[in-house]
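What follows is one structure encoded as structure tokens, with my remarks underneath.
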Amino acid sequence: MSPEALANCITGWQKAKGRNDLPWQLHNDPYHVLVSELMLQQTQVKTVIPYFERWLQTFPTIEALASASEDEVMTLWQGLGYYRRARNLHAAAQKVVRDYQSEIPRSAAELKEIPGIGPYTVGAIRAFAFDAPAAIVDGNVKRLFARLFALPYEVNKSTNDRYFWQLAEHFTPARDNRRFAQGLLDLGATICKPQQPLCALCPLAKVCQALQLGKVNALPKRQQKKAIPTRKGHFLLDVSARGIVLEQRPASGIWPTLWCLPEVAQAPDAQLWTRFRHTFSHYKLDGHVWLATPPGNGTTRRIACHQLDEVGLPAPIRKLLQQLIASEVCNQQD
DNA sequence: GAGGCGTGGCA
DNA sequence: TTGCCAAGCCT
């Protein structure tokens with residue numbers, strides 16, 4: 001299939017059937033594209049939309065974001081996960097304001113040096129913000145190519161990325177790449193889905209190798225990943241009418257810089273308040289919450305219940321504290 | 001270059 | 001309930 005033929009097919013389909021009303025598509029604003037692309041890394045569109053809306057209300061411009069405090073940024077990002085992205089986005093805004101007079105650069109070389117912008121996001125910003133002929137390769141694109149050409153490469157093995165990038169660059173059109181790139185993502189997300197793809201609605205059905213060979217459900221190939229372990233975690237709950245003791249987590253590791261119940265290495269000699277389970281990408285947490293007073297070091301604060309919305313909390317911790325507040329305490333006085 | 005890094009949607 | 005996997009990046 002010629003690059004022109006594939007581009008025409010995908011852009012024609014995108015115009016008629018693709019997603020053209022997503023909130024970050026309304027103005028093709030480079031700042032909007034930057035924010036959305038960082039949020040969309042490993043995160044579904046439906047999850048991102050409300051975060052993106054709140055983000056633009058709070059930080060309407062890249063200058064507003066650059067001058068925000070780290071706490072404001074983390075509070076707004078709470079619940080979205082992969083928190084390093086928030087720190088990267090904050091640092092990216094500051095770099096663009098300082099080094100590029102607040103104008104997001106267009107070149108791949110300059111974009112690549114901005115925190116949080118890797119190979120995919122370089123292409124996405126060039127394509128979506130500037131309509132430049134830059135290739136993108138993400139999970140959607142790899143799955144679509146793997147099926148279209150019946151490729152045997154495992155899509156979750158980083159050493160195979162070069163094959164997909166080579167294909168993506170070969171097929172990237174010189175004109176109208178914004179729509180072509182969007183079409184690749186839309187096709188992957190809505191038609192060429194991982195499970196139960198809608199081949200009857202696919203504009204590429206006649207040329208899809210996987211479909212001809214009856215391999216749609218066997219592709220893309222994936223390298224088997226090993227089972228994730230379970231770890232125990234011990235958290236201390238110290239609650240009074242004056243609030244709950246929280247501790248800011250270190251900048252590395254899980255939940256960086258978020259506020260959390262103080263975590264200790266071993267179970268204390270105390271009363272168990274509750275347990276909870278939480279699944280991360282790479283391990284399961286068997287959480288224990290003990291009624292105990294944490295050792296007060298410099299990173300702990302007692303935070304009133306009505307002020308909990310003002311700090312960034314990990315999703316499972318926020319749920320626990322909501323339970324706590326609904327059940328008792330805090331309501332006593334204030 | 002393999003593993004760390006979140007959370008939720010959806011079968 | 002469980003498992004899969006998502007508009008990846010960084011070290």
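The gap from the C1' atom of C/dT11 to that of B/dG1 amounts to 10 Å, rounded to the nearest Å. Spacing between B/dG8 and C/dC9 at atom P, rounded to whole Å, works out to 22 Å.
A/T47 and A/Q44 form no side-chain donor-acceptor contact under 3.5 Å, judged by distance and modelled atom types alone. Of the N and O atoms on the side chains of A/D138 and A/Q41, not one donor lies less than 3.5 Å from an acceptor on the other residue. Between the side chains of A/T299 and A/E247, at least one donor N or O lies within less than 3.5 Å of an accepting N or O.
Not counting sequence neighbours, A/W259 has no partner by the ring pair (Phe, Tyr, Trp, His ring centres under 6.0 Å) test. A search for ring pair (Phe, Tyr, Trp, His ring centres under 6.0 Å) contacts involving A/H170 returns nothing, not counting sequence neighbours.
Contact annotation for A/K193: no contact, since no heavy-atom pair falls under 4.0 Å across all strands.
Ion pair A/D238/A/R302 flagged as a salt bridge, since at least one NZ, NE, NH1 or NH2 atom sits closer than 4.0 Å to an Asp/Glu carboxylate oxygen. Salt bridge annotation for A/R318-A/D309: present, with a cationic side-chain nitrogen under 4.0 angstrom from a carboxylate oxygen. A salt bridge links A/E263 with A/R249: at least one charged nitrogen is closer than 4.0 Å to a carboxylate oxygen.
Listed by residue number, there are no residues of residues 155-168 of chain A with a heavy-atom contact under 4.0 Å to DNA chain C.
Toward the 5' end of DNA chain B, the nearer of the two residues A/Q196 and A/Q223, judged by each one's closest nucleotide, is A/Q223.
For the pair A/I228 CD1 and C/dC5 C1', the interatomic distance rounds to 12 Å; values are reported in whole Å. Atom pair A/K226:NZ and C/dC4:P shows a separation of 16 Å (rounding to whole Å applied).
Checked against the 6.0 Å centroid threshold, A/F235 and A/F276 count as a close aromatic pair.
The span of DNA chain B lying next to chain A, judged by atoms under 4.0 Å from heavy atoms, is bounded 5' to 3' by B/dG1 to B/dA11.
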Would you list the atom pairs, donor with acceptor, under 3.5 Å between side chains in residues 212-224 of chain A and any protein atom, with sequence neighbours excluded?
unit_1: A/Q212; atom_1: NE2; unit_2: A/A205; atom_2: O; d: 2.9
unit_1: A/Q212; atom_1: NE2; unit_2: A/K206; atom_2: O; d: 3.2
unit_1: A/Q212; atom_1: NE2; unit_2: A/C208; atom_2: O; d: 3.0

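What you find for A/F171 and A/L6 is that their closest heavy atoms are CD2-CD2, 3.5 Å.
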Per-nucleotide protein contact string for nucleotides 6-11 of chain C, where B marks a base within reach and S marks sugar-phosphate only (heavy atoms under 4.0 Å, - for neither): BBBBS-

